[in-house]
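Below you'll find the structure, written out as structure tokens, and then a few comments.
Proteins come first, then strands; the chains are lettered A, B, ... in the order of their sequence lines, and each starts at number 1.
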Number of protein chains: 2
Amino acid sequence: MGTDTRTQILDIAERLLQQRGYNAFSYQDIADELGIRKASLHYHFATKAALGAAIAVRHGARVGAALQHIDGLDISIWQRLDLFFEPFLMLAKSCNLMCVGGVLAAESSTLPVSMQTHMGAFFTRIHAWLTQTLEAGRADGHLTFDVDPAVKANTIIATLEGLILISKAHSSTDFIDPVIADIKASLGA
Amino acid sequence: MGTDTRTQILDIAERLLQQRGYNAFSYQDIADELGIRKASLHYHFATKAALGAAIAVRHGARVGAALQHIDGLDISIWQRLDLFFEPFLMLAKSCNLMCVGGVLAAESSTLPVSMQTHMGAFFTRIHAWLTQTLEAGRADGHLTFDVDPAVKANTIIATLEGLILISKAHSSTDFIDPVIADIKASLGA
DNA sequence: GTCTATAAGATGATAGAC
DNA sequence: GTCTATCATCTTATAGAC
């Protein structure tokens, strides 16, 4: 693979972040997995805070691109929502990975300020996108719900984040699809 | 105050757990706050894993007692649900405290096995209680919803846990009450 | 029950050779 | 870019005096 070391470090660190949280992985863990010494990591990311911020930035950019991509597709509102739900579903069904945004929110008070800032921007962005998508879906008659679209967006994001969280507490994953169906039903499915 | 040291340690540790997570507080933090040396803490809790398990056990017992207490009251189903929602709402509005169950779920993979076990039992218990409460409410005609009560219970618990999570990402708490209203609307309010 | 003292290991981080 | 070597600090935990 021609992937550069910096990207490999980001990939490993991001996965460790999702598996354990920011406070429970170390440079040593990354070094072991990558097969280099931990001191070498500091050449690519001077501090752990810088590495954490880089993960948050990249994740934010990816999510932004994914939302833009959905906007560019000529598909139904329900397909749009399915594409939005998909990554949350995958994480919930994995049972051992947190959402990057969710884990940063959970550990928020212990994180470097720059990570907190990126985390806040991340949630602001997906909330804005979902609000606007729900609003458009209702305006053209495909969705039916009574509350403010901004409120419904918060309800849905909370439910998706919580779903990932409680998937770690349940031994089965059977409950996940029905909850998604329940969310869709609240939109008139 | 006549509170014994063991209880004081549990109280401080529980709050630190909610503020920072299990991996981001230390015996030193507790010792500083309590005004004794950290070595003394080991007299009360030999290991951090034992302390963590004790927090989980006490929390489970408290939640169990609270649910039993609600069951013993002669109140409406809506009042019952409000009492159930209340602690989640308080945590969400605090913006800097996680739910004990939620933080254990988020950090699950990094926790001592005994803590994982108690966390699982905790969620099983509140899910069973909410399922049964929703079922009874629908049977006597006060609640109206179409899905399996066990599914609706999962949707609600996920939404409440997610609400606490995303409250750390938003700068305002105004969105919380509307989401709760949205949950109630899904039950026929 | 709490103290002092100490251990053994991990952590993020730096200096300087190659 | 990666290495060895080292650092100061923090972590959980133990031994033994009071």
Side-chain angles (χ1 to χ4, degrees), chain A residues 1-57 103-104 107-116 118, chain B residues 1-57 103-104 107-116 118:
Chain A
M1 273 291 282
T3 318
D4 69 341
T5 306
R6 191 192 145 91
T7 304
Q8 287 181 281
I9 294 170
L10 275 174
D11 290 343
I12 294 170
E14 183 181 70
R15 204 202 60 248
L16 289 171
L17 175 75
Q18 292 184 259
Q19 285 176 331
R20 310 184 195 168
Y22 182 79
N23 295 302
F25 80 87
S26 69
Y27 268 39
Q28 188 65 61
D29 296 321
I30 302 170
D32 289 344
E33 208 165 316
L34 196 53
I36 65 175
R37 303 288 145 161
K38 67 170 178 166
S40 308
L41 296 174
H42 287 277
Y43 170 80
H44 300 279
F45 298 97
T47 66
K48 189 180 176 184
L51 171 58
I55 295 171
V57 168
V103 74
L104 296 188
E107 293 185 292
S108 177
S109 71
T110 71
L111 298 180
V113 177
S114 71
M115 293 186 72
Q116 295 180 27
H118 291 301
Chain B
M1 273 290 283
T3 318
D4 69 341
T5 306
R6 191 191 144 92
T7 303
Q8 288 181 281
I9 295 170
L10 275 175
D11 290 343
I12 293 170
E14 184 180 70
R15 204 203 60 248
L16 289 171
L17 175 75
Q18 293 183 260
Q19 286 176 329
R20 311 184 195 168
Y22 181 78
N23 295 302
F25 78 87
S26 70
Y27 268 39
Q28 188 65 62
D29 296 321
I30 303 170
D32 289 345
E33 209 165 315
L34 196 54
I36 65 175
R37 303 289 145 163
K38 65 173 174 164
S40 309
L41 296 173
H42 288 278
Y43 170 81
H44 301 278
F45 299 96
T47 66
K48 189 180 176 183
L51 171 57
I55 295 172
V57 168
V103 74
L104 297 188
E107 294 186 293
S108 177
S109 71
T110 71
L111 298 180
V113 177
S114 72
M115 292 186 73
Q116 295 181 26
H118 290 302

Spacing of B:His44 atom NE2 relative to C:dG1 atom P, expressed in whole Å: 6 Å

Quick one: does any side-chain atom of A:Asp29 pair with a main-chain N or O of A:Ser26 as donor and acceptor, under 3.5 Å? yes

Close residues, residues 12-39 of chain A, relative to DNA chain D [heavy-atom separation under 4.0 Å]: A:Ile36, A:Arg37, A:Ala39

Contacts under 3.5 Å, N or O only, protein and nucleotides 16-18 of chain C:
none

Pairwise side-chain contact, B:Leu10 with B:Leu51, heavy-atom cut-off 4.5 Å (strictly under): yes

Out of C:dT2, C:dT14, D:dT2, which nucleotide sits closest to the side chain of A:His42? C:dT14

Nearest-Å distance, CG (A:Asp4) to P (D:dG1)? 8 Å

Heavy atoms only: give me the nearest A:Tyr27-A:Phe45 pair and the separation to one decimal. OH-O, 2.9 Å

Donor-acceptor under 3.5 Å (B:Glu107 side chain, B:Asn23 main chain): yes

As an exercise, state the distance from CZ of B:Arg6 to CG of B:Leu41, rounded to the nearest 0.5 Å. 12.5 Å

Send over the distance from B:Tyr43 OH to D:dA13 P, rounded to a whole Å. 18 Å

Can you tell me if A:Thr5 touches the phosphate of D:dT2, counting only side-chain N or O atoms and a distance under 4.0 Å to OP1 or OP2? yes

In sequence, state the C-alpha distance, the side-chain angles, and the governing distance for B:Phe25 and B:Lys48, and then conclude on side chain to side chain contact (heavy atoms under 4.5 Å, CB included). CA-CA 10 Å; B:Phe25 78 87; B:Lys48 189 180 176 183; 4.0 Å; yes

B:Ser40 side-chain proximity, nearest of C:dG1, C:dC3, D:dT2: C:dC3

Interatomic distance, A:Leu41 CG vs C:dA13 C1' [rounded to whole Å]: 12 Å

Test side-chain hydrogen bond (donor to acceptor under 3.5 Å, both in side chains), reference B:Thr7, set B:Asp4, B:Thr3, B:Thr5, B:Asp11, output is B:Asp4

Which atoms form the tightest heavy-atom contact between A:Arg20 and B:Ser109, and what is the distance? CA-OG, 4.2 Å

Output the rounded distance in Å from NZ (B:Lys48) to C1' (D:dT11). 9 Å

Using only atom types and a distance under 3.5 Å, with no angle test, would you say the side chain of B:Gln116 pairs donor to acceptor with the backbone of B:Ser108? yes

